[in-house]
Amino acid sequence: MTAGNPARTIEKSLSETFGETAHVDAARYDAMYAASLADPEAFWRDQGQRVEWIKPFTKVKNTSFAPGAIDVKWYEDGTLNVAANCIDRHLATRADQTAIIWEPDDPEEAAQHITYAELHRRTCRMANILEDLGVRKGDRVVIYLPMIPEAAYAMLACARIGAIHSIVFAGFSPDALSARINGCDAKVIITADHAPRGGRKTPLKANADAALLHCKDSVKCLVVKRTGDQTSWVDGRDFDYNEMALEADDYSKPAEMDAEDPLFILYTSGSTGQPKGVVHSTGGYLVYAALTHEVTFDYHDGDIFWCTADVGWVTGHSYIVYGPLANGATTVMFEGVPTWPDAGRFWAVCEKHKVNQFYTAPTAIRALMGQGEEWVNRYDLSDLKLLGTVGEPINPEAWNWYNDHVGKGRCPIVDTWWQTETGGHMMTPLPGAHDLKPGSAMKPFFGVKPVVLDPHTGQEIDGNGVEGVLCIADSWPGQMRTIWGDHDRFEKTYFADYKGYYFAGDGCRRDADGDYWITGRVDDVINVSGHRMGTAEVESALVAHPQVAEAAVVGYPHDIKGQGIYCYVTLMNGVEPTEALYKELRAWVRTEIGPIASPDLIQWAPGLPKTRSGKIMRRILRKIAENDYGSLGDTSTLADPSVVEDLIENRMNKG
Ligand code: WTA
């Protein structure tokens, strides 16, 4: 399931198909890319003009990756407001244009078309409500909502008054939620009664109630009505959004923000410890989200753009809300899932809303591929012009299926490699400029200088046909600025292993043509259905169970999810492994973290392979989970080699 497989190159070059309309053709890409590296100041000064500044910037780039002095500042003396950029400045020409098409979970329920004028009113009202609740510039607001328009209003309302939002995916548990509320010391959490998804309902308000038991008493809870179901209510703490919105004023003045003021915090998994709060900026982030949205997707005025992600992930931030709205686009927001009520839902929505650009994750494509192409063929997909993928390497089978059945061989596929930390696309083929190779992220985006390093020496590996760890040699405007409350950890995580570079945590190959292939994470982060999961998080959830003595978690290849979660669990002395305990541990992890962290396989391990100094040898555990125990490598440092034989004998992944 890696992108390293030999792949057929699509015969026809995109420039032949799209040369006429594409924003960037091959020659233009080469020239612009070269210029962006030769003179970043000039390139990004120009690009900075795509947003509207209250006070124009005079400084463009002030960045350093030097050890001990990591600092990233872009457009630092400019001021602006992100909500004004995403809404107000479009009103003169687009007041009646649809900004957001909202498609509910249940296809029987009516879709909504929210115009830019309506988006303005709704966002202003939400901004005024937040101010009524005491939220001020610089305060943090946690958003824990379904995929409903109010999620976008809430994000933009925070941006409008200069509050910093931190969205928590609605699939996370109360424990994960309280950790994030406390982590950023939020003043308010915005939630809804329930989140409908795939015909089922998640009790968001009840989860928030449970989370708030572990938070400061002063945290207020703003509740949006989604399903109308009864929920419990704490007077003085809970506030009814729908009631307050009736009274709220239709105008709120956009706050003047510094380019470097934080726009949002988004927690993401790392290889060690608790999730880290990735901090993104106001100016640089917006420029980068807007530019990548326009260029990568070849977005043209009037196009209908659909990114199927959830706003709980960075993809939803950059390519449902900020990038598209900054460009005055029409963006689709979908509450449901690809397989409910049936496996044709994505394509039904594409047909219904005449979607032009469609952006999804390989895991969704694999799941739908398994249901057969008849689901795709039922719908008219002739409005589609371009397809995209994100989140994990796409295997050539899935790529070809997507290309043949969804794109009918006429839509370029942009395989976009990027991360929560990067704010926007870092590598992708550009439609009209590049050939496509199934599974390859192809070329760096403007201003991005990827390098392949030798993992042992840390030296750059020049030339083509090489493989190593992927680093970026210089800053770009969408780069994260710090980890909330822990700048040290920011330096240690991204700049300590390879001095002078941003270390992405991924491995990569540069093929004979100089095109890039992401080979997957090289750290203890696994990618489950396109969602990042730190194995350390699952381990600490498991060992929190009273009957678990020790746990080690690794990824293994999974047909649909890309990677599955494989857990080795050592029970407390005297505890018998039973089917009931197996189920209980799976449920336990779901409760501790959320359904996305649910273990796929649990192996009872009487002991774990350790070095004599007591370090768990994960390399060996990974091999066993991958069913590749024939090549365990050097096991001479094991304290007790018999442990490994037992694990191999009782491995769960026998196929
Ligand atoms: C992986 C999602 C291969 C990668 C935007 C990265 C990919 C992690 C691709 C970031 C791709 C993302 N090809 N791998 N096109 N896109 N990844 O922070 O391992 O949720 O480091 O951001 O996903 O995941 P995150």
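Both ligands and their constituent atoms are indexed starting at 1 by order of listing.
Y502 and Q479 share no donor-acceptor pair across their side chains, judged by distance under 3.5 Å alone. Using modelled atom types, one finds a donor on one side chain and an acceptor on the other under 3.5 Å when comparing R510 with Y516. Inspection of the S318 and Y285 side chains reveals an N or O donor paired with an N or O acceptor under 3.5 Å. A donor atom on one side chain and an acceptor atom on the other are found under 3.5 Å apart for T416 and Y359.
An N or O contact shorter than 3.5 Å is missing between T268 and ligand 1 by distance. At least one N or O atom of D415, backbone or side chain, sits closer than 3.5 Å to an N or O atom of ligand 1.
Heavy atoms of V525 found under 4.0 angstrom from ligand 1: none, in either backbone or side chain. At a 4.0 Å heavy-atom cut-off, ligand 1 touches T416 through the backbone alone.
Looking at S440, its side chain does come within 3.5 Å of a backbone N or O of M442 through a donor-acceptor pair.
Ring orientation note: the planes of H487 and F490 are tilted relative to one another, at an angle of 30° to 60°. Classification of the W306-F346 ring pair by plane angle, with boundaries at 30° and 60°, yields perpendicular.
Looking from atom 3 (C) of ligand 1 to the surrounding protein, the closest heavy atom is P393 N, 3.1 Å. Atom 16 (N) of ligand 1 has as its closest protein heavy atom G391 N, 3.1 Å. Among protein heavy atoms, atom 20 (O) of ligand 1 sits closest to R532 CD, 3.6 Å. The protein heavy atom nearest to atom 5 (C) of ligand 1 is W418 CE2, 3.5 Å. At the shortest separation from atom 19 (O) of ligand 1 among protein heavy atoms lies D506 OD1, 2.6 Å. The protein non-hydrogen atom at the shortest distance from atom 18 (O) of ligand 1 is T420 OG1, 2.5 Å.
Residues D71 and R481 are not paired through a salt bridge, judged by the lack of any N-O separation under 4.0 Å between the basic side chain and the carboxylate.
Atom numbering of ligand 1 starts at 1 in the shown order; those under 4.0 Å from a heavy atom of V390 are 5 (C). Within ligand 1, counting atoms from 1 as listed, the ones closer than 4.0 Å to a heavy atom of T315 are 5 (C). For ligand 1, the atoms sitting less than 4.0 Å from at least one non-hydrogen atom of N527 are 1 (C), 23 (O), numbered in the order shown with element in parentheses.
The closest non-hydrogen atom to atom 11 (C) of ligand 1, taken over E392, M533, M426, comes from E392.
When the options V452, I518, T519 are evaluated for a side chain to side chain contact (heavy atoms under 4.5 Å, CB included) with L470, the one that passes is I518.
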